[in-house]
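First the structure, in the form of C-alpha cells, and then the observations on it.
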There are 2 protein chains.
Amino acid sequence: MKKVSEPTVGRLSLYLRVLTELGESGVGTVSSEELARRAGTTAAQVRKDLSIFGTFGKRGLGYPVDALTEELRRILGLGRRWRVALVGAGRIGRALFGYQDFRRQGFYIEAVFDRDEAKVGQEWNGLVVRSDAELEKALAEEEIDIVIVAVPAEAAQGVVDRVVRAGVRGILNFAPVKLHVPPDVALKTVNMAVELESLSYALANGLAVSRRRGRANRE
Amino acid sequence: MKKVSEPTVGRLSLYLRVLTELGESGVGTVSSEELARRAGTTAAQVRKDLSIFGTFGKRGLGYPVDALTEELRRILGLGRRWRVALVGAGRIGRALFGYQDFRRQGFYIEAVFDRDEAKVGQEWNGLVVRSDAELEKALAEEEIDIVIVAVPAEAAQGVVDRVVRAGVRGILNFAPVKLHVPPDVALKTVNMAVELESLSYALANGLAVSRRRGRANRE
DNA sequence: CGTCCCTTGTGAAACCATTCACAATCAACC
DNA sequence: GGTTGATTGTGAATGGTTTCACAAGGGACG
C-alpha cells in the first residue's frame, strides 16, 4: 500500500460521516463529485484518497455507499471499542466527558484522573475521578488505548511523558503547547488559541492568508 | 509583503507563546534553534516564517525576546479586544464559556445564543443567554467580530449562513461538519471526531501515517 | 581594529499534496 | 451485442511548503 498522508486520513473521516448520512437516507450509490461536494473537497481528491486503499467504485456508476462505509470504518480502525482515559478534570475535561459524542464511533472514556484532591473521589456519571498518583497503574489495569490530555499547559509534557512510559500509544492533547513524543506514539493536538489567533490574523490583515490554489479562505 | 501561508500563521501563535514564556523568565535573546526546539519545529522554519514579516534578528546573536513578542502580537492582530459571540449553549458551548483562557489574548465572549427556549434567559456569569431569533440583530448591536459555532452538525450550516449575512467575518466551528462560507469570511474548524479517528487509524495501522520528512508521528 | 565564531536571512533544491486530463470500464438501452 | 453516456482510476503536471546550504553580518575579545 502506498504512503498515506495525514490530510488524507483526516478526509477519510469526513467521507465516512457523509457516507453514513447518505446510507441512512437510503442512497445506494455516490459519485466522487457528490461525495466531494458534501465533504468540502474535489472529486479528483476523493478518487485519489480512496484509490490508495483499493478500488471501491464502479466506472460509470460511482461508489456503493454501504460497502464503502464499511470499508472506511475498517480502514480507520473503527470496528472495535477504543478505551480512552481523560487526564485533567477541569473545565475542558468535564466538557469532553459530558459531550462524548464520539461514543458513537467507539471511543469510550473508561477513567478520569486529576491531581486536585478535591476532585478525586467525585463521581461522574458512574465513574469515580481517580488520583493522578494512580495514573500509571490504572492505565495498565484498564488497558487504556488513548489518553486525552486536558491539563494546564505547564503540566502537559509531564503527563505525556508518564503516559508514554506507561505504554499508551495514542494521545489527544488539548493543552495549548507543542508536546514531544517518541516516533512510535501518535499525538494530535487541538489548540484553540492557535485557531483563534489565526482568525485574528485573517481579520486584522484583510483575509490575506494564502490558501492552496487560491481557494482563499474557504474550508 | 510575501504571501503568508496558513501553517505559517499557526506557527506564529506557537512562537508567541514560547516568547511570552521566555520573556517572563527574563530571557533577553533567543536563537532560531532554541525557539524552534521549544515550538516543535526547525530553526530554518522559524527563520523563514519570521523573515516574511521583516528582519527581527541579529546575526550571531539571535532574536530579541521582548521586541519580537510585541511584533508577533501586532502581526497577529492581538493588540485589540475581539468581540466574540457563542452560538449554542449546550455542553460544548458551556465548556468554552467556562474555559475562556483566550481572554488573555483579547477574545471576549460578549453574547451567547441558543434556540432552546429552556436555556434562553439563563444567566451565565452575568451574561443572559439570548434567543436564537435575536441573532442577526444582536450580532450587529454588539458589533461582534467572531462567532463560535457550537451547535449540532445539522444546524451548523444554517447558523453560519445567517451569521455571514449579518456581516460577521470570522467563524470558529466546533460542529463536526465541513462548512461553506464566501471567500471573504475566515473559517476555522475544530473537529474532534476527525482527530480521534486519525488516532484510531494510526493505532490500528501501526502508526504508518507518513509525515513530512519521515518525522513520523511527532508533532 | 582585526580576527574568529556564531547566527541570521535567503536563494535554490527537495519534497509532497493537489489538480489535471484522459484512457479504461461499466451499465443501460436499443 | 453494439453504441452511448457517465464515472472511475491514475500518471503527469502543477503549485506550494519545507529543508538545505551558504554568504553576509554582527559581537566579542585580544
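It should be emphasised that the depicted structure is a prediction, and the values quoted were computed from it without experimental measurement. First the proteins, then the strands, lettered A, B, ... as listed; each starts at 1.
Evaluation of the salt bridge (charged side-chain N to carboxylate O under 4.0 Å, His left out) test over residues 102-113 of chain A, restricted to residues two or more places apart or in two chains, returns A/Arg81-A/Glu110, A/Arg83-A/Glu110, A/Asp101-A/Arg104. Residue pairs meeting the salt bridge (charged side-chain N to carboxylate O under 4.0 Å, His left out) criterion with at least one member in residues 13-36 of chain A, sequence neighbours excluded, are A/Glu34-A/Arg37, A/Glu34-A/Arg38.
For the side chain to side chain donor-acceptor pair (under 3.5 Å) test, residues two or more places apart in sequence or in another chain that qualify with A/Arg47 are A/Ser32. With sequence neighbours excluded, the residues forming a side chain to side chain donor-acceptor pair (under 3.5 Å) with B/Asp145 are B/Arg80, listed by chain and number. Taking the side-chain contact (heavy atoms from CB on, under 4.5 Å) definition, one finds that B/Ala150 meets it with B/Leu86, B/Ile92, sequence neighbours left out. In this structure, the side-chain contact (heavy atoms from CB on, under 4.5 Å) partners of B/Asn191, at least two apart in sequence or on a different chain, are A/Leu14, B/Pro176, B/Thr189, B/Ala193, B/Val194. In this structure B/Ala166 satisfies the side-chain contact (heavy atoms from CB on, under 4.5 Å) test together with B/Glu136, B/Leu139, sequence neighbours excluded.
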In residues 57-69 of chain B, what donor-acceptor pairs under 3.5 Å come from side-chain atoms, sequence neighbours left out?
{"unit_1": "B/Thr69", "atom_1": "OG1", "unit_2": "B/Val65", "atom_2": "O", "d": "2.7"}

Donor-acceptor pairs under 3.5 Å, side chain of residues 152-161 of chain B to any protein atom, not counting sequence neighbours: which ones?
{"unit_1": "B/Gln157", "atom_1": "OE1", "unit_2": "B/His180", "atom_2": "N", "d": "3.0"}
{"unit_1": "B/Gln157", "atom_1": "NE2", "unit_2": "B/Asp161", "atom_2": "OD1", "d": "2.8"}
{"unit_1": "B/Gln157", "atom_1": "NE2", "unit_2": "B/His180", "atom_2": "O", "d": "3.0"}

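For the pair A/Gln45 and C/dT19, the criterion of a side-chain N or O lying under 4.0 Å from OP1 or OP2 is met. Note on B/Tyr63: every side-chain N or O is 4.0 Å or more away from OP1 and OP2 of D/dG26. Between B/Ser5 and D/dG16 there is no side-chain polar atom (N or O) within less than 4.0 angstrom of OP1 or OP2.
A/Leu50 has its CG atom 16 Å from the P atom of D/dT7, to the nearest Å. The distance between atom CZ of B/Arg47 and atom P of D/dT18, rounded to the nearest whole Å, is 15 Å. In this structure, the NZ atom of B/Lys58 is 15 Å from the C1' atom of D/dA28, given to the nearest Å. Following rounding to the nearest Å, A/Leu68 (CG) and D/dT8 (P) show an atom-to-atom distance of 11 Å. Residue B/Phe53 contributes atom CZ, which lies 18 Å from atom P of C/dT8 at whole-angstrom precision. What separates CD of A/Glu6 from P of D/dT17 is a distance of 17 Å, to the nearest Å.
Nearest approach of A/Ala204 to B/Trp82, heavy atoms of both residues: N-CH2, 4.1 Å. Nearest heavy-atom pair across A/Ser13 and B/Glu197 is OG-OE1, 2.7 Å.
Inspection of the B/Gln105 and B/Arg73 side chains reveals an N or O donor paired with an N or O acceptor under 3.5 Å.
Using five terminal pairs a side, the axes of the helix from C/dC1-D/dG30 to C/dC30-D/dG1 at its two ends make an angle of 10°, given in steps of 10 degrees.
Nearest nucleotide to the A/Lys48 side chain, out of D/dG27, C/dA12, D/dA12: D/dA12. Minimum atom distance to the side chain of A/Pro7 is reached by C/dT18, of the listed C/dT18, C/dT8, C/dC22. Among D/dG9, C/dA17, C/dT18, the nucleotide with an atom closest to any side-chain atom of A/Arg11 is C/dT18.
Within a heavy-atom distance below 4.0 Å of DNA chain C, the residues of residues 31-38 of chain B found are B/Ser31, B/Ser32.
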Report, one pair per line, the protein and nucleotides 23-25 of chain D atoms (nitrogen or oxygen only) whose separation is under 3.5 Å.
{"unit_1": "D/dA24", "atom_1": "N3", "unit_2": "B/Arg59", "atom_2": "NH1", "d": "2.7"}
{"unit_1": "D/dG25", "atom_1": "N2", "unit_2": "B/Gly60", "atom_2": "N", "d": "3.4"}

